[in-house]
Amino acid sequence: MASSRNLSRFWEWGRKIICVGRNYAEHAKELKNEVPTEPVLFLKAPSAYVREGAPVLLPYYTNNLHHEVELGVVIGKGGTNIAQSNAMDHVEGYALCLDMSARDVQDQCKKKGLPWTLAKAFDTSCPVSDFIPKETIQDPHNLKIWLKVNDNLRQEGHTSSMIFSVPFLISYISRIITLEEGDLILTGTPKGVAAVGENDEMAAGIDNIITMKFQIKKQLQ
Ligand SMILES: O=C([O-])CC(=O)C(=O)O
Ligand SMILES: [Mg+2]
C-alpha cells in the first residue's frame, strides 16, 4: 500500500495534519460548545510535530495551554471523494497524538470570529507516538485513550464515543481536501481537557498498545 518512503516515520513527510474538533459530545459540552451535526475541521502545520525526548513548548502568548489526547489516523493511500465503504483501505496505521491548545487564545479567536491558527498550530502543538501498524488495532472505535499529568489521571475516553467514525471522517474530509500519503487525521478529544504548566509531565496511552511521555518547557524568546 505505502510507497517506497517509509510511513512508519510519517511525521518526517511534512504532510497535512487535519484535526477534527468536538467529536466527543462530553468534550463539546465541557467547553460549552454545541454538539456538531457536521465535523468541525481545522489544520495544524507540519512543523507542529514533536517526538518523545523533545519538550512540548509553552507559547509565550498563552496563560492556559491545554492537553487534548486523541487517536491519530495515518493515511497510506491518498484520494479525493473517497467512499465510506472503502475508506479503511486508505489507512496505513495509527498514532497516539496530543492536540495542544492555547485555550485562552482560542477563546479570543472564537469571540472575534478569527481562525484558530495561533491557538492550535504552533510549533510542538502536535506530540505524536511511534507509528502503530493498522494490523495492531482491530477496531479504531474500540480503544481506551488516557492522559495523566504528573501521574494524575486527567482524561480517559473510549473511541466508541466518537460522533463521527473514522471511515465517515476520511470520506467527509476527502470531499474537501485531497488526502495524501503521510497525512494525519486527529479524531478529536474526549472530556477532561485542562491546563499544563512549565515542567509538568504528560503521559498518555492507548489501552495496552502504546504509551508516551512529554515534558512542558517555556518557549525561549
Ligand atoms: O478545541 C476544541 O475543543 C476542539 C478540538 O480540538 C477537539 O474537540 O478535539
Ligand atoms: Mg482536539
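Each ligand, and each atom within it, is numbered from 1 in the order the structure gives.
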Item to check | Enumerated ligand 1 atoms positioned under 4.0 Å from heavy atoms of Leu31 | outcome: 3 (O)
Item to check | Sole residue of His67, Lys148, Glu70 in side-chain hydrogen bond (donor to acceptor under 3.5 Å, both in side chains) with Gln155 | outcome: His67
Checklist entry - In terms of side-chain heavy atoms, does Asp104 have a donor or acceptor partner in Asn63 at a distance below 3.5 Å? => result no
Checklist entry - Of the protein's non-hydrogen atoms, which lies at the shortest distance from atom 8 (O) of ligand 1, and what is that distance? => result Arg22 N, 2.7 Å
Item to check | Lys/Arg N to Asp/Glu carboxylate O, Glu68 vs Lys191, below 4.0 Å | outcome: no
Checklist outcome for this item: The side-chain contact (heavy atoms from CB on, under 4.5 Å) partner of Cys97 among Ile185, Ile145, Leu186, Ile17 is Leu186
Next on the checklist: Any carboxylate oxygen within less than 4.0 angstrom of a Lys/Arg side-chain nitrogen, looking at Lys218 and Glu198?
Outcome noted: yes
Checklist entry - Would you say Phe42 contacts ligand 1, with heavy atoms under 4.0 Å as the rule? => result yes
Checklist entry - Is the CG atom of Asp139 crowded by more than 12 outside heavy atoms at less than 6.0 Å? => result yes
Checklist entry - What part of Val40 sits under 4.0 Å from ligand 1 if we count only heavy atoms: the side chain, the backbone, both or neither? => result neither
Next on the checklist: With a 4.0 Å cut-off on N to O distance, would you call Lys77 and Asp89 a salt bridge?
Outcome noted: no
Item to check | With the Mg ion (ligand 2) as the apex, the OD2/OE1 angle for Asp99 and Glu68 - to 10° | outcome: 80°
Checklist entry - Can you list the ligand 1 atoms lying under 4.0 Å from a non-hydrogen atom of Arg103? => result 1 (O), 2 (C), 3 (O)
Checklist entry - Is the shortest N/O to N/O distance between Thr189 and ligand 1 below 3.5 Å? => result yes
Item to check | Residue Glu68 vicinity, atoms of ligand 1 by number, heavy atom under 4.0 Å | outcome: 1 (O), 2 (C), 3 (O), 5 (C), 6 (O), 7 (C), 9 (O)
Checklist entry - Nearest protein heavy atom to atom 4 (C) of ligand 1, by residue and atom, and its distance? => result Gly21 CA, 3.6 Å
Checklist entry - Between Glu38 and Tyr172, is any side-chain donor less than 3.5 angstrom from a side-chain acceptor? => result yes
Next on the checklist: Considering non-hydrogen atoms of the protein only, which is the closest contact for atom 3 (O) of ligand 1, and what is the distance?
Outcome noted: His27 NE2, 2.8 Å
Checklist entry - Taking heavy atoms and a distance under 4.0 Å, where does Val20 meet ligand 1: side chain, backbone, both or neither? => result backbone
Next on the checklist: Could you check whether any side-chain heavy atom of Val128 comes within less than 4.5 Å of a side-chain heavy atom of Leu96, counting everything from C-beta outward?
Outcome noted: no
Next on the checklist: List ligand 1 atoms under 4.0 Å from Glu70, heavy atoms only on the residue side.
Outcome noted: 9 (O)
Checklist entry - For the Mg ion (ligand 2), which N, O or S atom of Glu70 is at the shortest distance? => result OE2
Item to check | Sub-4.0 Å atoms of ligand 1 with respect to non-hydrogen atoms of Gly188 | outcome: 9 (O)
Checklist entry - Under 4.0 Å from any heavy atom of Gln106, which atoms of ligand 1 are there? => result 1 (O), 2 (C)
Item to check | Salt bridge present between Lys144 and Glu156 (N-O < 4.0 angstrom) | outcome: yes
Checklist entry - Backbone, side chain, both or neither: what part of His66 comes under 4.0 angstrom of ligand 1, heavy atoms only? => result neither
